[in-house]
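Notes follow once the structure below has been shown.
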Amino acid sequence: MEHKLAATPLIKLYQPDIVQYETAHLALHKDLTHLQAVYDAGATEAVIFYAGRILEALSAEGVSLFGEQSKSNVFANLEYLNDFHIFDFATLHWAHALRRQANQVRHLLGNVEPQDQDIALALLDTWLGWYFSKFPLGLCLNQYRTHKQQGNALHQLVDNISLQMASTEVNEQALLVHPLVQKSPIFSSILIESLINKDQLDLAGNALQHTLQHYPKDLRLRQLNGLYCSRKGMLDEATEQLSGLYKTLSTDDETIGIFAGVLKKTWQRDQTNTSALQRACRLYDKGWQQSKQRNTYLGINAAAINLWLGNPDKAREIALGIVQQFQHKKLMIEQKQRMQQFSFNFWELATIGEALYITGQQTEALVHYQALFAPGLHPLGKTRVAAKQLTVHFEHVSPNPAILKLVQTLLT
């Protein structure tokens, strides 16, 4: 891969407002200058470190702009920002890819290749572009670069994938055979994840099999392979793969979430397998705590399974934290003029209702579910899934007659 990404000095590539941007923990001019120096010296690990540092500082600053105290966990900060639906799919993927690169260097999780410094700069560029042009609480610049980097095939590839992901015309199969895509699992993984999200599982499986032959140790590919097996119903295979990955990376947030989901599915398939449910509960608990009580997907699963396993006090404690978190987010949105178009999606609203029910606030839960289950408002398939999940809780917290009637009407 050609070493030409930083042919234009970084402090000249970006608009002056960006270069001079400072936070309590970051002076971007200084960091870009240091980044340029280590890039010119061919110090790949240092390039990745500085790029990851900028991602960490700006993601933390983004959380702070919402009035929340940022965490040292970059994953938690990115997921907090993502809760406001301000990322497109590609931007979030590139940000997490840069985060994984930085973790790999920081924690000596694997070898790096010379091309990885060019990839790190390309990923950082997409992050700077989002933060300073698209982040609604940021500078909202019309242009973040002073000019395009001509003849930069790698940069053009990242831009092309991002543009296609933002449209409905993305051709993952064609992009997967692109020569530059095949040089790094970072590029193939976003395409495979897109296929899984679109439920094109056979195509995703074929791509995973081919790509893993070349990059058998890549973290994201191994996670996606576990997710693919889970979606295909191959739960034993998913458990085997994710169990091995978890043993070596027991603190990785994404691995915890995917593996816990597989174990929950395993119990749902055979409800005599309580050991799978207990292990899922431990993982969801761990993920919820590790995310600093921010990942409501992990939290609501932890609350639900604790309830099913006979731990109602812990279930209510977690669920109450979820309710309070959504109330805080709603307040933050109301205070930010640039966020007035925001609305919670269906699954977030379902999570709120479920948390209200688990905490025993059945009157509030009824009002919430009556709005959520209003005919024609959301796809019937989604509302039935949410209703079925609620019926599992009925065995542990008796519903009032109005909630019972509402759910029975929907499911009959």
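Starting from 1, each residue takes its place in the sequence as its number. Everything numeric here is computed off the predicted structure, so don't read it as measured data.
Between S275 and N273, the side chains place a donor N or O and an acceptor N or O closer than 3.5 Å (distance only, hydrogens not considered). Remark: the R222 side chain and the N225 side chain contain no N/O donor-acceptor pair separated by less than 3.5 Å. Between T255 and Q223, the side chains place a donor N or O and an acceptor N or O closer than 3.5 Å (distance only, hydrogens not considered). Residues N306 and D285 have side chains that bring a donor and an acceptor to within less than 3.5 angstrom of each other. Side-chain atoms of Q241 and E237 form no donor-acceptor pair, as typed in the model, at a separation below 3.5 Å. Under the 3.5 Å distance criterion, with hydrogens and angles disregarded, a donor-acceptor pair is assigned to the side chains of Y14 and D125. A side-chain N or O of N301 and one of K264 form a donor-acceptor pair less than 3.5 Å apart. A donor atom on one side chain and an acceptor atom on the other are found under 3.5 Å apart for S230 and K265. A donor-acceptor contact under 3.5 angstrom links the side chains of Q325 and K329, judged on distance only.
Remark: I192 CD1 to L208 CG distance equals 4.0 Å, nearest 0.5 Å. Interatomic distance, CG of L58 versus CG of N77, reported as 11.5 Å (0.5 Å rounding). The distance from atom OG1 of T239 to atom CZ of R279, rounded to the nearest 0.5 Å, is 8.5 Å. To the nearest 0.5 angstrom, L283 atom CG is 12.5 Å from Q278 atom CD. Atom CG of N73 is separated from atom NZ of K292 by 6.5 Å, given to the nearest 0.5 angstrom. Within the model, atoms OH of Y50 and OG1 of T33 stand 10.0 Å from one another, a figure rounded to the nearest 0.5 Å.
Sorted by first and then second residue, the side-chain hydrogen bond (donor to acceptor under 3.5 Å, both in side chains) pairs with a member in residues 201-210 read D202-K232; sequence neighbours excluded. Contacts classified as ring pair (Phe, Tyr, Trp, His ring centres under 6.0 Å) and involving residues 157-183 (residues at least two apart or in different chains) are not found. For the side-chain hydrogen bond (donor to acceptor under 3.5 Å, both in side chains) condition, the pairs that include at least one residue of residues 347-358, sequence neighbours left out, are H85-E348, E354-Q389, E354-H393.
The environment of Q143 atom CD is sparse: at most 12 non-hydrogen atoms of other residues, nucleotides or ligands sit within 6.0 angstrom. For Q69, the CD atom is loosely surrounded, since the number of other residues' heavy atoms within 6.0 Å does not exceed 12. Counting heavy atoms of neighbouring residues, nucleotides and ligands inside a 6.0 Å radius, atom CZ of F49 does not exceed 12 of them. Crowding of E317 atom CD: a count of heavy atoms from other residues, nucleotides or ligands under 6.0 Å not exceeding 12.
Shortest non-hydrogen contact noted between I256 and S250 is CD1-O, 3.6 Å. Pairing each heavy atom of L35 with each of A51, the nearest pair is CD1-N, 4.3 Å. Residues V47 and Q117 share a closest heavy-atom pair of CG2-OE1, 3.4 Å. The minimum heavy-atom distance between I403 and A365, with the atom names listed, is CD1-CB, 4.3 Å. Across all non-hydrogen atoms, the minimal contact from T211 to A207 is OG1-O, 2.7 Å. Nearest heavy atom pair, residue N295 against residue W288, reads O-CE3, 3.2 Å.
Here the side chain of D88 pairs a donor or acceptor atom with the backbone of T91 at under 3.5 angstrom. Formation of a donor-acceptor pair under 3.5 Å by the H368 side chain with backbone atoms of L349 is found in this model. Y369 places no side-chain N or O within 3.5 Å of a backbone atom of A387 that could act as its donor or acceptor partner. Looking only at distances, no side-chain donor or acceptor of S243 sits under 3.5 Å from a matching main-chain atom of E240. S133 contributes no side-chain N or O that, together with a main-chain N or O of W130, makes up a donor-acceptor pair within less than 3.5 Å. Within the 3.5 Å criterion, the main-chain N or O of D199 finds no donor-acceptor partner in the side chain of R231. E56 places no side-chain N or O within donor-acceptor distance of the main-chain N or O of V74, the cut-off being under 3.5 Å. With hydrogens and angles disregarded, no donor-acceptor distance shorter than 3.5 Å links the side chain of R294 to the backbone of E79. One N or O on the side chain of T146 and one on the backbone of K12 form a donor-acceptor pair closer than 3.5 Å. Without hydrogens or angle criteria, S162 side chain to V158 main chain gives a donor-acceptor distance under 3.5 Å.
Using cut-offs of 30° and 60° for the angle between ring planes, the F87 and W127 rings count as tilted. Note: Y297 and Y284 have perpendicular aromatic rings, judged against thresholds of 30 and 60 degrees for the angle between ring planes. Using cut-offs of 30° and 60° on the angle between ring planes, the pair F259 and Y246 is tilted. Ring-plane geometry between W94 and F187 is classed as perpendicular, the angle between the planes exceeding 60 degrees on a 0 to 90 degree scale with a lower cut at 30. Classification of the H93-F89 ring pair by plane angle, with boundaries at 30° and 60°, yields tilted.
Checked against the 6.0 Å centroid criterion, the rings of H96 and F75 qualify as a close aromatic pair. Aromatic ring centres of F132 and Y21 lie closer together than 6.0 Å.
With contacts defined as side-chain heavy-atom distances shorter than 4.5 Å, the pair V392/L307 does not qualify. Looking only at side-chain heavy atoms (C-beta outward), V38 and H34 stay at 4.5 Å or farther from each other.
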Side chain to side chain contact (heavy atoms under 4.5 Å, CB included) assessment of L26 paired with E61: CA-CA 9 Å; L26 177 75; E61 180 68 10; over 6 Å; no
List the steps and the verdict of side chain to side chain donor-acceptor pair (under 3.5 Å) for S194 and E172. CA-CA 8 Å; S194 176; E172 292 91 352; 2.6 Å; yes
Dump the intermediate steps for side chain to side chain contact (heavy atoms under 4.5 Å, CB included) on L81 and V63, then the final yes or no. CA-CA 7 Å; L81 293 173; V63 173; 4.2 Å; yes
Dump the intermediate steps for side chain to side chain donor-acceptor pair (under 3.5 Å) on Y144 and D17, then the final yes or no. CA-CA 9 Å; Y144 72 99; D17 285 346; over 6 Å; no
Chi angles and distances behind the salt bridge (charged side-chain N to carboxylate O under 4.0 Å, His left out) call for D159, R145: CA-CA 13 Å; D159 286 348; R145 299 180 192 137; 3.5 Å; yes
Give the C-alpha distance, both sets of side-chain angles, the deciding distance and a yes or no for salt bridge (charged side-chain N to carboxylate O under 4.0 Å, His left out) between K183 and D116. CA-CA 10 Å; K183 288 183 178 293; D116 290 335; over 6 Å; no
Check the pair L277 / L263 against side chain to side chain contact (heavy atoms under 4.5 Å, CB included), numbers first and verdict last. CA-CA 6 Å; L277 187 64; L263 292 167; over 6 Å; no
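Taking the charged nitrogens against the carboxylate oxygens, E254 and R220 do have a contact shorter than 4.0 Å, which makes a salt bridge. The existence of a salt bridge linking K286 and D253 is excluded, since no basic side-chain nitrogen approaches an acidic carboxylate oxygen closer than 4.0 Å.
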